[in-house]
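Here is the structure we will look at, set down as structure tokens.
Quick note on labels: first sequence line is chain A, next is B, and so on, each numbered from 1.
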Protein chains: 2
Amino acid sequence: MRLRYIELFHAVMTTNSLTGAANLLNISQPAASKALQQAEHQLGFTLFHRVRGRLHPTEQALLLRPRVEKIIRDLHDLQRLTANFARPESEPLRVTCTPTLAQSLVPDATTLLRKAWPAATAELSTRHSAEMCESLTLRETDIGLTLQDASHPELRQEPLCQGRVMVIAPPGRWSPAELAQPLPVTALAGEPMIGIAVQDALGSLLQSHLMHVDPPPQISVWVQTYQLACALVAQGAGLALVDPFTASQGDGDVVQTRPLALELDVVLYAVYRLDSQLNPLQEHFIELVRQLARQTLAPG
Amino acid sequence: MRLRYIELFHAVMTTNSLTGAANLLNISQPAASKALQQAEHQLGFTLFHRVRGRLHPTEQALLLRPRVEKIIRDLHDLQRLTANFARPESEPLRVTCTPTLAQSLVPDATTLLRKAWPAATAELSTRHSAEMCESLTLRETDIGLTLQDASHPELRQEPLCQGRVMVIAPPGRWSPAELAQPLPVTALAGEPMIGIAVQDALGSLLQSHLMHVDPPPQISVWVQTYQLACALVAQGAGLALVDPFTASQGDGDVVQTRPLALELDVVLYAVYRLDSQLNPLQEHFIELVRQLARQTLAPG
DNA sequence: ACCTGGCATAACCGAAAGTTGTAGATGCCC
DNA sequence: GGGCATCTACAACTTTCGGTTATGCCAGGT
């Protein structure tokens, strides 16, 4: 089975047409036609029924599809990886972080870094944690920053600092005196709240805590990112639990922020490949992130 | 990345030499040399250091290796699968079973089947359960027979019959009167026994039961197949717990067989692809296996 | 010093994969 | 139903790629 045939099969399956497949592969339609016939001849069975001038996958083709697509994906990953080996040695600082941290922490740290290292170049991106691990192992990026536990056999995660889970509420909810002291979890009983759709360990832990409150909070809207929660809270949709970085951005006029009384800490991690020796630029960047994060989370 | 390069890389990595790789791929050494250079040129980094006329993988090559090997494996699986699509329609009965069942159950059933369908052809093989699932999904075989739970998203397992776990012992261990009635688990306390190395659910369940007996049986020898256990017991190495099919073969002169008093049943499963419609020949075979198994397990 | 084993280079060759051009079938729209 | 757009299939030609044989070079072992 030539690789060409596999790519062609995949292209035909996705475009549902031979001409479409040919375009996808940047070859002419007759070339695709001939290759498909060769593939079928070599395999010994037909992949597509020719019915009224169109191609319809046979039963066998449908059974092959998942395996072929997996191979294509793995192959693509391999290409991504090799592409990153060939990069020049004048390496930019490549950092990816979760959307939450992209709001201020990472840009601020980058700005500070460029004051110390004016010649340094950086590539910043945001990814959710699964893609972050992928991207790190494929060497598309060198440092990941996340609030979630991203354990992976090829990666190491270094805790940078810890903070408390925060409750955000529409303005005027609490008096200045109340704001200073942590809110007991039981105070959330029966409250209307915005739910954070759980993908991460933090979210699921929070949810299990909330569910044990009696009566449980009323969650009618679930959101995927903390920013969305923030915006909804500002509109008076209820309370929400968020990480302290998101909370610290909430302008005092828009939402009120108060720590939650919970032994559970939010941890900021730097993630990088086990085999990679961090260079001074990278070390410095991580140190800046650590300091900034501590400032942000410190009272005041 | 051409597939050729991937195969070549893999071949060089496994043989540690370019000439070896060339032999593996059935091409001449210069062809391999040129292809390797092309691959490196296209990738933009070197895969092997040429040191004193030999090839030594670079750091990058070592990092690529696992991914490349995975792709090679998947590709190989795909080929196995397509090879089985092209088979002629005059299908033989393709059955695979665990070694235990290959002792008498499957051959006996096949013999009976050939009396009813003299023209039928059959392909029998033995595989352990993981390979059995692989082989079924790759359509190398159509029916699997096993005593283990082989759940798999693409496969269906049909229980054919149930039997009791049996204890086998060297001859003369029990009186004919004792033999008839089940042995309580507690009677195994402190006994020298042959352990069945657990890969299957049955084995691990048995082990956990045994470990709860006080004092636990002394297991000094672990074996992987029931036949081995049988042979060791015959030599007086201790008792062993085996499935009823293995037990029923033990010649009375060699080992004594006695049921174990346990609510746990051994189940014989037929496994086949969810999407496959069994033909009459296959149905008949399964029915024969069911009947034979019931006879074997019935008292007497 | 000599042979052996292993990689690289050169010149050459054939088959595979791509191109353009064209033909036939189907479906759509007026 | 005529005409048009679309899609697949076939033919002839060209180029590129993967392969061969022959040969040279270098390092190690005897």
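For Ser17(A), no side-chain nitrogen or oxygen approaches OP1 or OP2 of dT6(D) to under 4.0 Å. Of the side-chain N and O atoms in Ser33(A), one or more sit less than 4.0 angstrom from OP1 or OP2 of dA9(D). Under 4.0 angstrom from either OP1 or OP2 of dC10(D) there lies at least one side-chain N or O belonging to Gln37(A).
For the helix from dA1(C)-dT30(D) to dC30(C)-dG1(D), the angle separating the two terminal helix axes comes to 30°, with each axis derived from five pairs and the value rounded to 10°.
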Hey, what are the protein-to-nucleotides 20-28 of chain D N/O distances that come in under 3.5 Å?
residue, atom, partner, partner atom, Å
dT20(D), OP2, Ser28(B), N, 2.5
dT20(D), OP2, Ser28(B), OG, 2.6
dG28(D), OP1, Arg52(B), NE, 3.0

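Nucleotide dA16(C) holds its C1' atom 15 Å from the CG atom of Leu8(A), rounded to whole Å. Following rounding to the nearest Å, Phe48(A) (CZ) and dT8(D) (P) show an atom-to-atom distance of 10 Å. Here the C1' atom of nucleotide dA16(C) and the NE2 atom of His41(A) are 15 Å apart, to the nearest Å. Between the C1' atom of dC17(D) and the CD atom of Gln42(B) lies a distance of 12 Å, rounded to the nearest Å.
A salt bridge links Glu40(A) with Arg50(A): the distance from a Lys NZ or Arg NE/NH1/NH2 to an Asp or Glu carboxylate oxygen falls below 4.0 Å. In summary, Arg273(B) and Glu154(B) do not engage in a salt bridge, as defined by a charged side-chain N under 4.0 Å from a carboxylate O. Between Lys70(B) and Asp77(A), no side-chain nitrogen of the basic residue sits less than 4.0 Å from a carboxylate oxygen of the acidic one, so the salt-bridge criterion is not met.
The salt bridge (charged side-chain N to carboxylate O under 4.0 Å, His left out) contacts involving residues 3-12 of chain A comprise Arg4(A)-Glu7(A), where partners must be two or more places apart or lie in separate chains.
Listed by chain and residue number, Glu91(A), Leu281(A), Gln282(A) satisfy the side-chain contact (heavy atoms from CB on, under 4.5 Å) test with Asn279(A) (two or more places apart in sequence, or in another chain). In this structure, the side-chain contact (heavy atoms from CB on, under 4.5 Å) partners of Leu24(B), at least two apart in sequence or on a different chain, are Ala11(B), Thr14(B), Thr15(B). Residues passing the side-chain contact (heavy atoms from CB on, under 4.5 Å) test with Arg54(A) are His56(A), sequence neighbours excluded.
In this structure, Leu55(B) and Arg4(A) both approach DNA chain C, and ranking their closest nucleotides by distance from the 5' end singles out Leu55(B).
Among dC7(C), dT8(D), dA17(C), the nucleotide with an atom closest to any side-chain atom of Arg50(A) is dT8(D). Nearest to the side-chain atoms of Leu18(A) among the listed nucleotides dT8(D), dA17(C), dC7(C) stands dT8(D).
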Residues Phe9(B), Leu47(B); criterion side chain to side chain contact (heavy atoms under 4.5 Å, CB included); working and verdict: CA-CA 8 Å; Phe9(B) 173 79; Leu47(B) 287 166; 3.9 Å; yes
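For the pair Thr126(A)/Met132(A), no side-chain contact is recorded, criterion being any heavy-atom separation below 4.5 Å from C-beta on.
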